[in-house]
Amino acid sequence: MIRVLIVEDEAAEAERLLSYVRRYGEAHGKTFQITWLKSAMDMLSEKAHYGLVLLDIDLPGINGMEAAQLMRLFDEVTPIVFVTNLAQYAVKGYEVGATGFIIKPVTWGNLSMSLDRALRSIRQNAGRSVMIPTEDGLRVVPLSKVIYVEVTGHRLTYHLESGERLEARGSLGQLEEELAGAPVVRVTKSCVANMDKISLVRGQGLQMSNGTVLRISRSRKREVLDAVTDYLGGHR
């Protein structure tokens, strides 16, 4: 199931989008859970995470483009499709990584093509991003920006390329399930490393791209070195 958010202040336009998204789901065997909000402020105050956002630009208060720029501060991954009568914003839409840009009036054809692109993006991002429920709200971070994650008690600490550290409740087991198939390896019972961020294998440790050396537990050494060798050998 994919959670879809429609942000549109005109009821007739929102109903048109709802109808076409449902029609697309029926035609492609997809299940959508659709939420409709009337303003960008409602969207930004929402605590829920959506798999896809259909966003009008000409909205009361904060416009859709401003809302998208704010959204990208905590979510760099979720596809955004702009649906608007403001064609002059088309180029600006790509500055926030928009997946599509539909000029009103919306037709079945142009929405269907935009949904095709959005679903391809969702599939490509599966297992390549992590959702981190921080105290400031939900952050969606590309896995490519995570160097390693360690756990203390029931608190996970995500070490990012930027030097930022994000903390959230959780377990490494849950994280590994979320990232099934992603290039991560458990180096100790309390640490998971992103294999794309390994710069050097040094005896009992892995030197990461930020200079940190992660110790490999003795019981996991063979398993970790085999996984790292197989992965780096096939990708470098």
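Computed from a predicted structure; not experimentally measured.
Of the residues listed (Leu54, Leu52, Ile2), the one engaging Val21 in a side-chain contact (heavy atoms from CB on, under 4.5 Å) is Leu54, and it is the only one.
A donor-acceptor pair is defined here as one N or O able to donate and one able to accept, closer than 3.5 Å; no such pair exists between the side chain of Thr212 and the backbone of Met208. For the pair Ser199 (side chain) and Gln207 (backbone), a donor-acceptor distance under 3.5 Å is present. In this structure, the side chain of Glu223 does not engage the main chain of Arg220 through any donor-acceptor pair within 3.5 Å. Asp58 contributes no side-chain N or O that, together with a main-chain N or O of Asn85, makes up a donor-acceptor pair within less than 3.5 Å. Between the side chain of Ser114 and the backbone N or O of Asn110, at least one donor-acceptor pair lies under 3.5 Å. For Arg169 (side chain) and His154 (main-chain N/O), no donor-acceptor pair under 3.5 Å exists by modelled atom type.
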Exercise. Any chance you could lay out the salt bridge (Lys or Arg N to Asp or Glu O under 4.0 Å) test for Arg222 and Asp226, step after step, and finish with the verdict?
Key: CA-CA 6 Å; Arg222 177 48 52 198; Asp226 285 348; 3.3 Å; yes

Exercise. Test Leu206 against Val213 for side chain to side chain contact (heavy atoms under 4.5 Å, CB included), laying out the working first.
Key: CA-CA 5 Å; Leu206 302 176; Val213 177; over 6 Å; no

Exercise. Please report the C-alpha distance between Leu55 and Met43 in whole Å, then the side-chain angles of each, then the deciding distance to 0.1 Å, and finally whether the side chain to side chain contact (heavy atoms under 4.5 Å, CB included) criterion is met.
Key: CA-CA 10 Å; Leu55 180 60; Met43 165 189 158; 3.9 Å; yes

Self-check item: Criterion side chain to side chain contact (heavy atoms under 4.5 Å, CB included) on Lys104 and Asp56, from CA distance to verdict
Solution: CA-CA 10 Å; Lys104 295 178 180 178; Asp56 188 14; 3.4 Å; yes

Quiz prompt | Worked check of salt bridge (Lys or Arg N to Asp or Glu O under 4.0 Å) between Glu161 and Lys197 | solution = CA-CA 9 Å; Glu161 276 190 323; Lys197 302 303 176 183; 2.7 Å; yes

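A distance of 11.0 Å separates CZ of Arg3 from OG1 of Thr78, quoted to the nearest 0.5 Å. Summarising the geometry, atom CG belonging to Leu70 is positioned 12.5 Å from atom CG belonging to Asp75; distances are rounded to the nearest 0.5 Å. Atom CZ of Arg218 and atom NZ of Lys221 lie 9.0 Å apart (nearest 0.5 Å).
Put simply, the side chain of Ile6 reaches to within 4.5 Å of the side chain of Leu18, judged on heavy atoms. Val81 places none of its side-chain heavy atoms less than 4.5 Å from the side chain of Arg117. Proximity of Ile80 to Arg72: side-chain heavy atoms (C-beta onward) are separated by under 4.5 Å at one or more points.
When hydrophobic clusters are built by joining Ile, Leu, Val, Met, Phe, Trp and Tyr residues whose side-chain heavy atoms come closer than 4.5 Å, directly or via intermediates, Tyr231 is grouped together with Leu225. A continuous path of ILVMFWY side-chain contacts below 4.5 Å connects Ile103 to Leu59, so both sit in one hydrophobic cluster. A single hydrophobic cluster is not seen to contain both Met113 and Tyr20; linkage of ILVMFWY side chains at heavy-atom distances under 4.5 Å, directly or through other members, places them apart. Hydrophobic clustering (ILVMFWY, side-chain heavy atoms < 4.5 Å, transitive): Val4 and Met1 are in distinct clusters.
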Indicate every side-chain donor-acceptor pair of residues 25-39 with a distance under 3.5 Å to a residue at least two apart or in another chain.
{"residue": "His28", "atom": "ND1", "partner": "Tyr24", "partner atom": "O", "Å": "3.0"}
{"residue": "Trp36", "atom": "NE1", "partner": "Glu8", "partner atom": "O", "Å": "2.7"}
{"residue": "Ser39", "atom": "OG", "partner": "Asp42", "partner atom": "N", "Å": "3.1"}
{"residue": "Ser39", "atom": "OG", "partner": "Asp42", "partner atom": "OD2", "Å": "3.2"}

